[in-house]
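Lettering follows sequence order; numbering is per chain, from 1.
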Amino acid sequence: MCVRGLAPFDVLEGLINSYEGDDSSPAVFDALVRACTQFGATDGAYEVIKKLRMDSCWVTIHAWNNFLGQLLKLNEIDRFWKVYKEMISYGYSENVNTFNLIVYALCKECRLLEAISEFYRMLKNEIWPNVVTFNMIIDGACKMGNLELALKLVRKMGVMSGGCVRPNSVTYNCIINGFCKIGNIALAEEVRIEMTKVGIESNERTYGTLIDGHARGGSLEEVFKLCNEMVERGLIPNTVVYNTVIHWLYNVEDMEGASLLLSDMIDKRICPDQYTYSILTKGLCRNGYVTEALRLNNQVIGKNLIEDAFSHNILINYMCRSKNIAGAKPLLGSMFVHGLIPDLVTYGSLIDGYWRTARMEM
DNA sequence: CTAGGGTTAG
């Protein structure tokens, strides 16, 4: 598909034509579905599943799981439920991965209690939850600020799984992040100590999380201490870590520090990403360098490095806040030209801008 | 299949 630019249906046709019953493996159809989702051909994946059904050549639960997982990754939760129900209506039964996807979908919708009910439905169906199941519920609890429940689950996951499942680094990182986000760095650090005690080393994400937590709390000193510590342990600060620190340096108006770090990032060949560009855009705007922010935007958009609305939203919002509708309009135009879809924030900012300039009808 | 970073409305 990649090399020859074939459409999913072309590949499928070839597979069906060369399919020789018992001498062939139906896993090849699952592989095609996976190829489609990895390729970004989400609708193609679904069409393949449907076509095979009509040819009474069914894909397995693995392909459905793969497709359902892709929908969650794209945040198409409504479609996820629709497809899940469809799959069940064809008589498939959920395996552990399907259940995990259901738990994940419920957590994404903040339906934490239902996610926990799903855990018990798994037990009833004799499908044993694994560490991923627990981690998703624990992270869901953390994201909703319910650290008490998250901690309770960590303590009880052994018993709840009949001694089969123990916390791993993902579990601990979720809890650490939860405490950082509610501003309780002290407890976040305590959790890290506990994690070390049970023999799980801090990884790149642990450091990334704690660095953001300390920066949020205003202790940039701790931030640099942690950066050094991670390097000493052989972990190289990646794009996420640089983005975090640059973001918080701009926030305290340390332009020089932010610039130095950006140069360091380029020297060390750590690739900037969309987060970097929106952080720079915001940092330049809020510190009074709007012209530079616009110039940066023009540079990166020409190179097709931008795939989401963030940077434009930041600029549009900045223009609108300073009642500069004339400055915001071309940015909206630029979004359309480059295939970026204006979202709630884009329109919210523009409506606010018109409101400020007393042009209610607009 | 799960964990860290970027946007709006006082």
Base, sugar-phosphate, or nothing: which does [X] touch, judged by heavy atoms less than 4.0 Å apart?
X	answer
A:Thr206	nothing
A:Phe310	base
A:Val96	nothing
A:Asn97	base
A:Asn168	nothing
A:Arg286	nothing
A:Asn251	nothing

A:Ser161 versus A:Met157, closest heavy-atom pair with distance: OG-O, 2.8 Å
Within [range], find the residues that approach DNA chain B with a heavy atom at under 4.0 Å, and present them sorted by residue number.
range	result
residues 176-203 of chain A	A:Asn177, A:Lys181, A:Asn203
residues 116-142 of chain A	A:Val132, A:Asn135, A:Met136, A:Asp139
residues 214-235 of chain A	A:Arg216

Donor-acceptor pair (no angle test) under 3.5 Å: A:Asp273 side chain, B:dG6 base: no
Side-chain donor/acceptor contact of A:Ser278 with base of B:dG6 under 3.5 Å: yes
Integer-rounded Å distance: [N] [atom2] and [X] [atom1]:
X	N	atom1	atom2	value
A:Phe67	B:dC1	CZ	P	15 Å
A:Ile77	B:dC1	CD1	C1'	14 Å
A:Trp355	B:dG10	CH2	C1'	14 Å
A:Asn100	B:dC1	CG	C1'	6 Å
A:Ile314	B:dG6	CD1	C1'	6 Å
A:Tyr275	B:dG4	OH	P	9 Å
A:Tyr277	B:dG6	OH	C1'	14 Å
A:Tyr207	B:dA3	OH	P	21 Å

Check: [X]/[Y] side-chain N/O donor and acceptor closer than 3.5 Å:
X	Y	result
A:Glu94	A:Asn125	no
A:Ser349	A:Asp352	no
A:Asn177	A:Asp212	no
A:Asp343	A:Asn313	yes
A:Thr239	A:Asp273	no
A:Asn173	A:Thr209	no

CZ on A:Phe67 to CE on A:Met87, rounded to 0.5 Å: 12.0 Å
Atom pair SG/CG of A:Cys36 and A:Leu12 - distance to nearest 0.5 Å: 8.5 Å
Options B:dG4, B:dT7, B:dA3, nucleotide nearest the side-chain atoms of A:His247: B:dT7
Among B:dT8, B:dA3, B:dT7, the one nearest A:Ser169 by side-chain distance: B:dA3
If you look only at distance, which donor and acceptor atoms sit under 3.5 Å apart when one is on a side chain in residues 292-303 of chain A and the other is two or more places apart or in another chain?
residue, atom, partner, partner atom, Å
A:Asn297, OD1, A:His312, NE2, 3.4
A:Asn298, ND2, A:Leu294, O, 3.4

Pairing residues for A:Tyr277 by the side chain to side chain donor-acceptor pair (under 3.5 Å) criterion, not counting sequence neighbours: none
Electrostatic pair A:Glu194-A:Lys197, nearest N-O below 4.0 angstrom: no
Does [X] have a side-chain nitrogen or oxygen under 4.0 Å from the phosphate oxygens OP1 or OP2 of [N]?
X	N	answer
A:Arg321	B:dA9	yes
A:Tyr354	B:dT8	no
A:Lys143	B:dG4	yes

Non-neighbouring partners of A:Tyr275 that pass ring pair (Phe, Tyr, Trp, His ring centres under 6.0 Å), sequence neighbours left out: none
